[in-house]
Every structure is written in structure tokens, then in C-alpha cells.
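One-based numbering along the sequence shown.
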Amino acid sequence: MNSRAKRLALPAGGALVAAAVIAVPLAGTAQAAPKPDVKSAALTPSGNAKAIAAYWTSSKLKSAKTFTADSTISAKLTKTGAAKAAADGKAGLVAPTGPGGSKSAGSSKNVNLPITVGKVFFVDDKGQERWCSGTSIQSKFRNLVATAGHCVYDTDTNKPYDNFVFIPGYYQGKAPWGIYVGAKVNTHDDFTIFEDYDYDYAFVNVYNGIKQQPEKEVDYKTYKAHVDKGGAGREDARTVDRQTYEEWTKKGGLGKVDGVDKEDQVGPQYKGAIGVAVETDKATWGKATWGKAASRVFGLHDGKVTLHGQELDQDKWPKTGARLEPRVEQLTKNEYEAYKGPGVKQIDRRGNYTVTHYYVIKYIAKTSSAKYTIFRYYTTYVTDAGRLGDNVGGQGVAWNQKLGKKVFTFGYPTQGHPDGSRPYSGQTMKWCYGTTVAAPVVSKYKAQEQQAIKCAFTPGASGGPFLLQYKNSKRTGYLNGVVSLTVDSDNNDRYDRTTTPYFNGETAAIYKHAANLWTGKLPS
């Protein structure tokens, strides 16, 4: 049953959508195949790519959770039959390409692991870092990644996930060939509209790779200048004891003090007084003055007040309420939307989500009731690593293939089996080998025409490739599917089948559309 027939079988609204589908010849086929409505959606503007790459620090890559939809992407089955997927035209192949230069991804049980395969990372609608598996595939501009549709597109919110990146050859938090930020995702409408897992695949165009230099701690001025130019950086606020606070601010570091009782507040001439930063709204900050010099900007350093960086004698300290230099904080989209504080929210010209905080001076005596916070700043510099396919190569693509083919599948399984056992870490690539057969029906996901092989993968492998004719010496083959579901087919609380949508002529049409899209160059 092809997608057109399935849509016509749906009640009411499904039939209306099907009416918009037209049949056109597919190049290389012996008969006309229906052309699907390609769902293309933008992921990240090129100006934001470096910031998104820098967002995925090694610690975030390691701590991200494997992705499952509705808490699980697997199903325990009682029905074991499935309608065999039918070809909608002539079988087709697009040849793979190898990587440029000499590359090696190691070996496992005499199977050389493909460096095209890696992890895709993204942030879900609840702000949680997640990941699946994926692979680089052949395309005109060497910029295409194949993965599962549910690893890119959120059918609940009807939009792609945030901060999507692909890391080929991922290993224990490392990105040996760089981080490739998603530019555009291309899916089948039957997945994005009808949530039909017979079309649970996605082809994602990515920008040139980005290699991150080691994170470096800098002063606030350097940090702000770097971030204002679109560079990546982060602020680290830490609560410390008074001694640490005083030592830090004495060296010129920024800090603030909260939780001071009224009786602890003192004037600027109080012996032993220290100036602290108190956040206020922009209007109040704008009215803050010191005599007639309303434009002056003050700083605080362990009981010493500075004017444009020059230390002032205590008898020249400004009055309580004098303003400090604003501080710009960069947030994720979810943090930005949730922010309710006094700062001013703004999306800058590069698409970064920011909040500008405004502070005025208050004086306090050194007291045990205060909460001391210091700010540390870090920057990350990145370099252009070049095109994905030039660095790791691209798997070929196959469609309208018969069942009964021998295939390898690769991915990063991690989640436990239903019985609680956890054979995989998710930090290293694994593989299975088997013969494709008709997969059991999974009604929950409308999966009626999938293929499957015997494989004990657990969730985390979602999006990993099914590869025909995999050549161990070249580490390449032909993509004939992507891991969609992991299945316990005999109800023994152990996953024993891994499934994929059947790649037909409609899949080929979406692939060919995506394979000819250029993502452009990254801004310098």
C-alpha cells in the first residue's frame, strides 16, 4: 500500500489532503510513481550556526538523553504479520563516495565502523538535550544527513526541534571531524501531518563543519566583545563564601551580593563598606546619576569603586543608586521565552536570544547574612572544518529493493530493554547484521509497511542507517533505511527486531530534492 492509498483510506481530512497529490514520472523508473509533498523546514540561520555548535559542549554531549517519543519509541507486540511493502517503480541506486584523505574509525569484531555514522543532537520542546543516530549520505554539495523523522521533527508542536547538529564518528563526547549544524530538514508529509511511521525518515542539509578550540576563561570585557561579534561564550555564576568573593573581586573579577538585611546597609563612607550590584529595571537605571555626570559608569571591586576602570578614593565614591555597565546574557530559546525578570529581552541581528541586565550600586557592611556570587566568563573560538562529505564521505542510497537482502545497521543504542537490562552505553557505535523481512505491524505508529532485521538494539539507535552491500574495506554501502522502531516481537521483555520504513520511489524523490540543496557558506 503506497502513501496515496493509505491517505485515501483515512477518514474525512485525510482524503482531502490526498486530493492534492499528483503523479509524475520519477527519473530512472519504468513506471510513473506518485510524487510526495515534500515538507521542508528551516532549522538554523547561517549566522547562528557557530553559536549552536558552541552550545554543544563536551559535557552536554555526554549528558544528553536518548530520545523517545511519548516516553517510548518501541512497542511490545502481539500481532506478528505485516503487509509487505510494494515497490512503486524500478529499483534505483546512487553510488557512495569515500572521504577525502586518509581517515580511520577503528574496528569492531572485524567490522570496520563507518565514519559517516554518528549522532544527531537536538533540544526538545521541554528544553532537554536529546540525541539519536544518523549518517552522512551522498549529495551534490556534500551536505546531507539521513536520520529518523522523529529525531528532527516534533509532530506534537508541528515544528522541528531546536539546536540540531550532526557529529560523524562521535565517540565519548568527542567530535573528531567537527560539528555540522542543521540548515534545513526535508521529510514526507505523511510523517509530519499524519504521524505515519512508514515515512519516519528525514534528510537534513547541514552547513560546513565547525571545529571548536578548547574553551578559554577571559575577563568580562573580552567576553562581551567576543559575544557581540557573534562569537560563542558562556557566563558561569557561582555562589561562594565572603573570602572567595573578596579575593575574586580584588583581582578585578565581577561579583554581586544578595540577601542583605536593611540594618546592614551603609553609606559609601562607612569604614569597611563594600559596593554591591543590585539589579533593577532599565528605566530606573537610566535615571541613576552622580551629580551632573549622568553618563558615568561605575564598577565594583572588593570595597573599591572605579570610574571607567580608574579607582576612586573613598571620599569620591558615588551615592547609592549610581549605575553600572549593563551586562548582556545569551540564552537558549526556551530560557528566553521563560524569562520574567527585570532585564530587557531582545533577539539580536544574528538571531541570538539575549537579556540585558541593569545594575545600580548599593553599599553594605561585611556581614554573614549576605549571599556572595562571582561571575566567570568563557569564550569558544571555532574554525570552518569544510563540507561533511569531503571529510567523511557519504553513503549511497537505494530504493525499491526486494525483501530478503543482507544489510548492516549501525547506531548508538543506549536505553535499557523492557526487563531493565542495559547492555549499551550510548557512547560508542554498535552494529547488527541480518536479512530484511516484513516487519510486524505497529498500529500505534501506523507502521504497516516497514522492514525489519533481527537485532537487539535499544532506543538510541533510532535514525541509524540500514546499509546494503556494505564494503568493509571502504566503509561504504547503500542506505536502504533508517532505524525507526525497536521491537519486542515475542513478548519476553527483550528487544529483538529493529525496523525501518521501506524506501520507495517517494523516498527517492524527497532524497533527490534534498540532495540538490545548497546551504551556503558560514559567515566569517
Side-chain angles (χ1 to χ4, degrees), residues 61-82 108-109 111 113-114 117-122 124 126 128-135 147-152 170-173 195 197-198 200-201 406-448 450-467 481-501:
L61 294 176
K62 289 181 179 180
S63 65
K65 307 297 183 183
T66 184
F67 180 67
T68 54
D70 299 328
S71 299
T72 179
I73 258 313
S74 306
K76 186 181 292 186
L77 306 179
T78 55
K79 186 175 181 180
T80 57
S108 174
K109 294 184 179 179
V111 173
L113 301 176
V117 178
K119 282 188 177 183
V120 300
F121 291 86
F122 53 93
D124 67 18
K126 297 179 176 58
Q128 173 67 58
E129 287 93 7
R130 301 284 187 181
W131 59 265
C132 289
S133 301
T135 188
T147 187
H150 70 261
C151 296
V152 189
Y170 173 91
Y171 179 74
Q172 296 184 349
E195 303 179 31
Y197 273 62
D198 281 338
D200 181 25
Y201 49 76
K406 298 287 187 181
V407 299
F408 279 92
T409 185
F410 299 91
Y412 292 80
T414 185
Q415 189 167 306
H417 287 282
D419 65 7
S421 60
R422 303 183 66 89
Y424 308 109
S425 69
Q427 294 299 315
T428 56
M429 193 189 309
K430 301 297 180 182
W431 60 273
C432 284
Y433 179 72
T435 303
T436 57
V437 297
V441 170
V442 184
S443 300
K444 178 180 179 181
Y445 296 108
K446 303 183 180 70
Q448 302 172 2
Q450 291 198 349
Q451 299 181 75
I453 64 170
K454 290 184 178 181
C455 180
F457 274 178
T458 61
S462 292
F466 275 58
L467 296 180
V482 292
V483 176
S484 177
L485 305 173
T486 50
V487 175
D488 172 13
S489 65
D490 55 11
N491 295 308
N492 70 345
D493 286 336
R494 299 277 297 182
Y495 298 130
D496 51 51
R497 297 288 189 278
T498 296
T499 78
T500 174

Trainee: Side chains of Gln427 and Tyr171: does their closest heavy-atom pair fall under 4.5 Å?
Mentor: no
Trainee: What's the spacing between Thr414 OG1 and Phe457 CZ if we round to 0.5 Å?
Mentor: 12.0 Å
Trainee: Which pair of heavy atoms, one from Phe408 and one from Val111, lies closest together, and at what distance?
Mentor: CE2-CG2, 4.0 Å
Trainee: Could you tell me the separation between the CZ atom of Arg130 and the SG atom of Cys151, rounded to the nearest 0.5 Å?
Mentor: 11.5 Å
Trainee: Minimum heavy-atom separation for Gly464 to Ser133, with atom names?
Mentor: N-CB, 3.6 Å
Trainee: Is the Tyr424 to Tyr412 ring centre distance short of 6.0 Å?
Mentor: no
Trainee: Any chance you could measure Glu129, atom CD, to Phe122, atom CZ, to the nearest 0.5 Å?
Mentor: 11.0 Å
Trainee: What is the distance from atom OH of Tyr445 to atom CD of Glu195, rounded to the nearest 0.5 Å?
Mentor: 10.0 Å
Trainee: Under the side-chain contact (heavy atoms from CB on, under 4.5 Å) rule, what do Thr486 and Thr458 come out as? Steps first, then yes or no, please.
Mentor: CA-CA 6 Å; Thr486 50; Thr458 61; 5.7 Å; no
Trainee: Do you know the tightest heavy-atom contact between Thr498 and Phe466?
Mentor: O-CZ, 3.6 Å
Trainee: I want to know whether Phe410 and Trp431 have ring centres closer than 6.0 Å.
Mentor: no
Trainee: Any side-chain donor paired with an acceptor under 3.5 Å for Gln451 and Thr499?
Mentor: no
Trainee: Please evaluate residues Thr409 and Ile453 with respect to the criterion side-chain contact (heavy atoms from CB on, under 4.5 Å), reporting the C-alpha separation (whole Å), side-chain torsions for both, the decisive distance (0.1 Å), and the verdict.
Mentor: CA-CA 9 Å; Thr409 185; Ile453 64 170; 3.7 Å; yes
Trainee: Working to the nearest 0.5 angstrom, can you tell me the gap between Lys62 NZ and Tyr170 OH?
Mentor: 7.0 Å
Trainee: Going by an N to O cut-off under 4.0 Å, is there a salt bridge joining Arg494 and Asp419?
Mentor: yes
Trainee: Ring centroids only, cut at 6.0 angstrom: are His150 and Tyr197 within range, meaning strictly under it?
Mentor: yes
Trainee: Any chance you could lay out the side-chain contact (heavy atoms from CB on, under 4.5 Å) test for Trp131 and Thr66, step after step, and finish with the verdict?
Mentor: CA-CA 5 Å; Trp131 59 265; Thr66 184; 3.9 Å; yes
Trainee: Rounded to the nearest 0.5 Å, how far does CG of Asp496 lie from NE2 of His417?
Mentor: 9.0 Å
Trainee: What is the minimum heavy-atom distance between Val152 and Thr147, and which atoms define it?
Mentor: CG2-CG2, 3.4 Å
Trainee: Might you point out which heavy atoms bring Asp198 and Ala447 nearest each other, and give the distance in Å?
Mentor: OD1-CA, 3.5 Å
Trainee: Applying side-chain contact (heavy atoms from CB on, under 4.5 Å), run through Arg497 and Tyr495 and close with a yes or a no.
Mentor: CA-CA 6 Å; Arg497 297 288 189 278; Tyr495 298 130; over 6 Å; no
Trainee: With no hydrogens and no angle check, is any side-chain donor or acceptor of Ser484 less than 3.5 Å from a backbone partner on Pro501?
Mentor: no
Trainee: Pro114 versus Met429: any side-chain heavy-atom pair under 4.5 Å?
Mentor: yes
Trainee: Provide the closest heavy-atom pair for Cys132 versus Ser462 in the form atom of the first, atom of the second, distance.
Mentor: CB-O, 3.3 Å
